[in-house]
Amino acid sequence: MRLSKSFIPTQKEVPSDATIPSHQLMLRAGLMRQLGAGIFSFLPLGYKVMKKVMNLVREEIDAIGGQEFHLPALSPIEIWEKTGRVEAFGDILFHIKNRPLVLAPTHEEIIGWVAANHIESYKDLPQIWYQIQTKFRNEPRPRSGVLRGRQFVMKDSYSLDATWEGLDKSYDLHAEAYKKIFTRAGLKFFIVGASSGAMGGTGSQEFMVESPSGEDTCAVCERCGYAANIEVAASNVEKAVRVPANLQLKEIHTPNVKTIDELRDYLKVDESILAKSLVYIQNGIPHLIMMMGNDQLNETKLQTVIGANARSAHPEELAELTGADAGSIGPLGLKGFKILIDKRLENANGLVSGMNKNDYHIGNIDLKRDVQVDGYYDFRTVAAGEPCPQCNEQLRVVNAIELGHIFKLGTKYADALDAKFLDEHGEMKPIIMGSYGIGIERIIACGIEQSHDANGIIWNKSVAPYDVHLILVNSNVENVVRTAESVYETLIQNKFEVLYDDRSNVSPGFKFKDADLLGMPLHVIIGEKNVVKNKIEIKERKSGQRHIIEIEQLISFIKNFYENN
RNA sequence: CGGGGUGUGGCUUAGCCCGGUUAGAGCGCUUGGUUUGGGACCAAGAAGUCGGAGGUUCGAAUCCUCUCACCCCGACCA
């Protein structure tokens, strides 16, 4: 492709509303333009990258037996009502105003519908169905360029199995395919155990790229490889110990002491004997949640235990339900509450907690003796530096971008949509499903986040829009032009994709800057100094390494470059 | 949805607090010329409903009210 005829609008200035590197560079390199919040037009160069990524994904999903569909984005709201997901998605789901239709945010329902109508026998199973298609989600707050958009492209696949062992197999096949995809895309990623959230099901894992721009938080162990989303991460943090003495409850006057830090300083004790009480409401039932000291409650973990609609109580509710304000609430004397306690405090005694009377705490609480406990659960948010649950190495806590998520869904959707088959004993059974997503734009953005420098993008070979960026340095020198033109023809004949900067009246510096910004793996530079010696220069974008070679060696050089990894 | 911020030629922006010639600059663009190995130079140009509506005023980019859009933090997030 001749740059003189291409629409690749590069920009020198950093666009003012882009804050992360991938967003800035995708705009500057002319890959895309923003149309609205979370809505982007992909321009030819950006779409070329997108197609490369989609093909890479397609190859690997085909390789595990995936069959590609093209499902509609529009779908009748009725089937979303059947699975209860109109409510589950809430405002995230885009509704069409003048028809009872919605824009699909994912496609379990549609796959389930096809399966319900056409899968009849265990002999029809297993199946892996997938598509690469646009999804619509009314994100309350799109951000970070393409990382969270209202419209985006997803590869979503769905496995249909007759048995739970079959599901495990389909799931593992996807996990392996995903590793290959992200590895081929040149990404450094890790896999974490994750929460299934609104998708439901029995298990899920996320494929993550560490990045300060990421919206997810993960605990990672460098030694043994343990990694988990903070929503489910655990640690070997020390538990409370029982003190030997059987001490009597005592009232402690604590004027104006509200936070755990204030209480610790006021009483001059270790914060591990302080129990913080939080109140959450689930379906109208108040729950008292107790945490040790300054341990942070993880709401996802809480919701997994008591239900997804749990919300923290309002200040007025607190006063009404407990008789005290936040900071003075505790487990003794409450009526109508369920009391759930973090495992770290399991069976602890000698604790100080609120008395449900402002400015008073109670000491020497023994959870076994004094409190009617409805259960001990892991509610803590793991903090950096805590011991790994597997090997006790200190955990790192990092931000990460979620590239892909794989779910064992089970029979939730089959049950709701009546997707059943006859097994070998003639028994009607629900199809067991899995679902597996990859964000296509996120692969692109993560690639840039991980691989760029001050001058621009550094594409991985597998997703670079062009193999070679050919630069004509002296457009005013006839034999240099002739050489560049002939090199261009030769590269095309040898099936390389070439972006040829043939622009005249553009200074060499300008062309070099554009080439670095666009980031093709190899720059072939045709300049007068070398051409007179029948030589040309090749620059590797990633290392910056330059090679002056005979023109005749060009094709073998490039082939060698692309074949070695 | 809560908090903060920003809207001025295609891009980056000055001016706004403290109202007053013709809204200024750099980049980009057009024309002519000179240049050509790291975002060239000279000259001449084109391009603006100052996000929108209403108001205050002799006079509004500037002050007030409403509104829209976008960005950031948080909440939320397959």
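By convention in this document, chain letters (A, B, ...) are assigned in the order of the sequence lines, proteins followed by strands, and residues within each chain are numbered from 1.
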Rounded to whole angstrom, note down the [atom1] distance from [N] over to [M].
N: G19(B); M: G59(B); atom1: P; answer: 15 Å
N: C29(B); M: C11(B); atom1: C1'; answer: 12 Å
N: U56(B); M: A60(B); atom1: P; answer: 11 Å
N: G4(B); M: U8(B); atom1: C1'; answer: 22 Å
N: G15(B); M: A25(B); atom1: P; answer: 15 Å
N: G33(B); M: C71(B); atom1: P; answer: 45 Å
N: U13(B); M: U31(B); atom1: P; answer: 29 Å
N: G37(B); M: A14(B); atom1: C1'; answer: 36 Å

By the 4.0 Å heavy-atom rule, please label [X] as base, sugar-phosphate, or nothing.
X: Pro105(A); value: nothing
X: Pro15(A); value: sugar-phosphate
X: Glu299(A); value: sugar-phosphate
X: Phe152(A); value: base
X: Val14(A); value: sugar-phosphate
X: Ser144(A); value: sugar-phosphate

Whole-Å gap separating [atom2] ([N]) and [atom1] ([X]):
X: Arg148(A); N: A75(B); atom1: CZ; atom2: P; answer: 13 Å
X: Leu147(A); N: C76(B); atom1: CG; atom2: C1'; answer: 17 Å
X: Phe407(A); N: C77(B); atom1: CZ; atom2: C1'; answer: 11 Å
X: Leu302(A); N: C76(B); atom1: CG; atom2: P; answer: 12 Å
X: Ile230(A); N: C77(B); atom1: CD1; atom2: P; answer: 16 Å
X: Asp216(A); N: G74(B); atom1: CG; atom2: P; answer: 13 Å
X: Ile401(A); N: C77(B); atom1: CD1; atom2: P; answer: 19 Å
X: Glu139(A); N: C70(B); atom1: CD; atom2: C1'; answer: 17 Å

What does [N] pair with, Watson-Crick or G-U, if both distances are under 3.5 Å?
N: U57(B); value: none
N: A75(B); value: none
N: G7(B); value: C68(B)
N: C17(B); value: none
N: G45(B); value: C29(B)

Residue list, side-chain hydrogen bond (donor to acceptor under 3.5 Å, both in side chains) with Glu540(A), at least two apart or on another chain: His547(A)
Tyr500(A)-Glu485(A) side chain donor-acceptor pair, cut-off 3.5 Å: yes
Residue closer to the 5' end of RNA chain B, Asn476(A) versus Thr19(A) (nearest nucleotide): Asn476(A)
5′-ward residue of the pair Ile92(A)/Gly145(A) relative to RNA chain B: Gly145(A)
Residue that, paired with Val477(A), satisfies side-chain contact (heavy atoms from CB on, under 4.5 Å) out of Asn474(A), Val481(A), Val473(A): Asn474(A)
Side-chain donor or acceptor of Asp453(A) paired with backbone N/O of Ile458(A) under 3.5 Å: no
Expected output: side-chain Glu537(A) to main-chain Asn530(A) donor-acceptor under 3.5 Å: no
Whether Phe89(A) and Trp80(A) hold their rings parallel, tilted or perpendicular, with breakpoints at 30° and 60°: perpendicular
N/O (side chain, Arg143(A)) to phosphate O (OP1/OP2, C77(B)) under 4.0 Å: no
Ser16(A) side chain near C11(B) phosphate (N/O to OP1/OP2, under 4.0 Å): no
is_close_aromatic(Tyr158(A), Trp129(A)), centroid dist under 6.0 Å: no
Aromatic ring proximity, centroids under 6.0 angstrom, Phe407(A) and Tyr436(A): no
Side-chain heavy atoms of Phe512(A) within contact of His523(A), under 4.5 Å: no
Residue from Lys511(A), Lys539(A), Arg28(A) passing salt bridge (Lys or Arg N to Asp or Glu O under 4.0 Å) with Asp516(A): Lys539(A)
Annotated protein contacts, base or backbone, on nucleotides 37-48 of chain B with a non-hydrogen cut-off under 4.0 Å, one of B, S, - each: BBBS--------
